[in-house]
Amino acid sequence: MGGDVIVKLCETLPKHQNYKVVADNLFTSIALAEKLLDDGILYVGTVRKNRPGGCPLDSDKDMEAKGHGSIDSKVETKSNVAIVKWYDNKAVTLLSTCAGIQPMDKCIRWDKRKKEKVEVDRPFIVKEYNNYLGGIDLIDACVSRYKYHMRSLRWYLYLFWQTVILAVVNSWMLYRRACESVGDKNIKSQRKFQAEIAASLILVNAVRRPGRTSLDSTVPAPKRVCVAPPTDVQKDQYGHWPVKCAKRGRCKLCSMNNTDTLCEKCDLRLCFTHDRNCFKRYHN
Ligand SMILES: [Zn+2]
Ligand SMILES: [Zn+2]
């Protein structure tokens with residue numbers, strides 16, 4: 001069943017383009033790796049002990065005796081599937097149609113017996129696996145970080161929400177990559193980025209509707225993530241009506257003068273006097 005999931009998910013992947021698929025030991029089998037290879041899709045994954053069939057590999061005990069970094073591997077000559085068993089803190093077996101032992105590199109591990117850090121040989125297949133599996137863990141972590149907990153009896157809505165959250169996380173990662181590529185140090189946090197998307201979707205070309213206020217006045221209003229509206233809201237030229245507010249405060253733009261003129265939509269104080277029109281400048 002695990003293998004079927006991967007085959008189904010790979011249906012839309014362009015064939016014979018050397019795409020690599022990485023999955024953990026719930027999914028991996030030799031049959032799966034061979035099936036994907038037929039479509040020109042490469043595979044790296046950890047594999048459960050009972051899955052590689054009759055492939056004779058060193059036992060865990062033998063490898064433990066040889067110590068950290070001991071390796072055993074076999075290659076299936078017809079389909080070129082490589083199986084590598086590596087002893088780290090415990091034995092792990094991996095299977096691949098595109099990676100094997102070489103080129104090896106070193107990693108640092110704590111040796112319990114010697115009570116010191118030792119350099120351990122690491123096969124290429126392990127490096128490949130760690131490299132890409134980290135991405136899956138990362139997206140899981142990012143998705144769960146600021147999940148909006150909605151409830152529904154219709155199970156398929158959860159799939160829809162997950163898709164939306166994935167899109168938000170992916171766009172934040174693209175945004176970060178873009179900032180890094182131009183050397184922009186001022187990268188927004190995921191929380192801020194997500195809040196700005198929400199503010200933009202709600203406010204661009206729309207008027208701000210009064211929010212629901214809690215009947216219980218002891219409950220403080222939630223802290224706003226976006227202190228200033230996102231730029232696309234600020235400059236959308238829609239519904240930015242000036243209103244007078246009770247308490248004077250610093251102008252958002254010039255930040256030198258006190259004013260009681262407020263933009264209703266941005267919820268910010270901006271000067272509007274004979275000398276200064278910060279209100280107009282801010283919105284253009
Ligand atoms: Zn001003
Ligand atoms: Zn405004």
Side-chain angles (χ1 to χ4, degrees), residues 139 141-152 157-158 160-284:
I139 199 113
C142 287
V143 161
S144 61
R145 214 176 275 160
Y146 304 115
K147 215 169 192 173
Y148 193 82
H149 292 280
M150 288 164 281
R151 281 176 185 279
S152 176
L157 279 179
Y158 290 86
F160 172 70
W161 291 329
Q162 176 76 4
T163 314
V164 172
I165 293 166
L166 265 182
V168 171
V169 171
N170 280 340
S171 56
W172 176 63
M173 285 175 171
L174 285 174
Y175 154 80
R176 264 197 343 186
R177 201 182 294 171
C179 285
E180 278 160 12
S181 70
V182 295
D184 185 352
K185 292 269 158 56
N186 199 7
I187 300 175
K188 284 177 197 125
S189 68
Q190 191 193 333
R191 181 173 148 86
K192 180 97 196 283
F193 184 83
Q194 206 164 308
E196 286 202 359
I197 291 178
S200 295
L201 288 175
I202 295 166
L203 285 176
V204 169
N205 296 329
V207 287
R208 185 190 284 273
R209 292 195 174 75
R212 272 186 286 177
T213 44
S214 173
L215 290 174
D216 182 0
S217 59
T218 56
V219 179
K223 209 178 151 204
R224 271 167 61 181
V225 181
C226 295
V227 179
T231 316
D232 45 358
V233 175
Q234 179 189 337
K235 296 182 193 283
D236 72 350
Q237 312 280 326
Y238 193 102
H240 292 272
W241 301 113
V243 291
K244 288 289 177 187
C245 60
K247 211 176 144 200
R248 293 178 79 86
R250 216 170 272 271
C251 165
K252 171 72 184 170
L253 193 67
C254 63
S255 65
M256 290 191 307
N257 300 289
N258 277 345
T259 178
D260 60 355
T261 307
L262 187 86
C263 171
E264 191 180 44
K265 180 161 163 178
C266 301
D267 197 19
L268 295 170
R269 287 186 183 82
L270 293 155
C271 307
F272 181 55
T273 66
H274 284 290
D275 305 335
R276 294 179 310 280
N277 193 347
C278 294
F279 197 94
K280 186 175 178 184
R281 267 170 55 217
Y282 180 77
H283 290 108
N284 280 286

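We count ligands from 1, going down the list as the structure has it; atoms in each ligand are counted the same way. Here the structure is a predicted model, which is why all the values come from computation and not from measurement.
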| Partners passing side-chain contact (heavy atoms from CB on, under 4.5 Å) against N284 (at least two apart in sequence or in another chain) | Q237, K280

| Angle in degrees, rounded to 10°, that SG of C251 and SG of C278 form at the Zn ion (ligand 1) | 110°

| Does the side chain of R276 come within less than 4.5 Å of C271's, by heavy atoms? | yes

| request: Drop me the distance from C251's SG to D260's CG, to the nearest 0.5 angstrom. | output: 12.0 Å

| message | Quick one, K265 and V233 - any side-chain contact, counting heavy atoms below 4.5 Å? | response | yes

| field | Side chain to side chain, W172 and S189, heavy atoms closer than 4.5 Å | value | no

| note | The complete set of ring-ring contact (aromatic ring centres under 6.0 Å, His included) pairs with one or both residues in residues 261-284, sequence neighbours excluded, reads H240-H283, F279-H283

| task | Round to 10° and report the angle made at the Zn ion (ligand 1) by SG of C254 and SG of C271. | result | 110°

Identify each donor-acceptor pair in which a side-chain atom of residues 174-182 lies under 3.5 Å from a protein atom, sequence neighbours left out, and give them as a table.
residue	atom	partner	partner atom	Å
Y175	OH	K188	N	2.9
S181	OG	A178	O	2.8

| What protein N/O/S atoms lie closer than 2.8 Å to the Zn ion (ligand 2)? | H240 ND1, C263 SG, C266 SG, H283 NE2

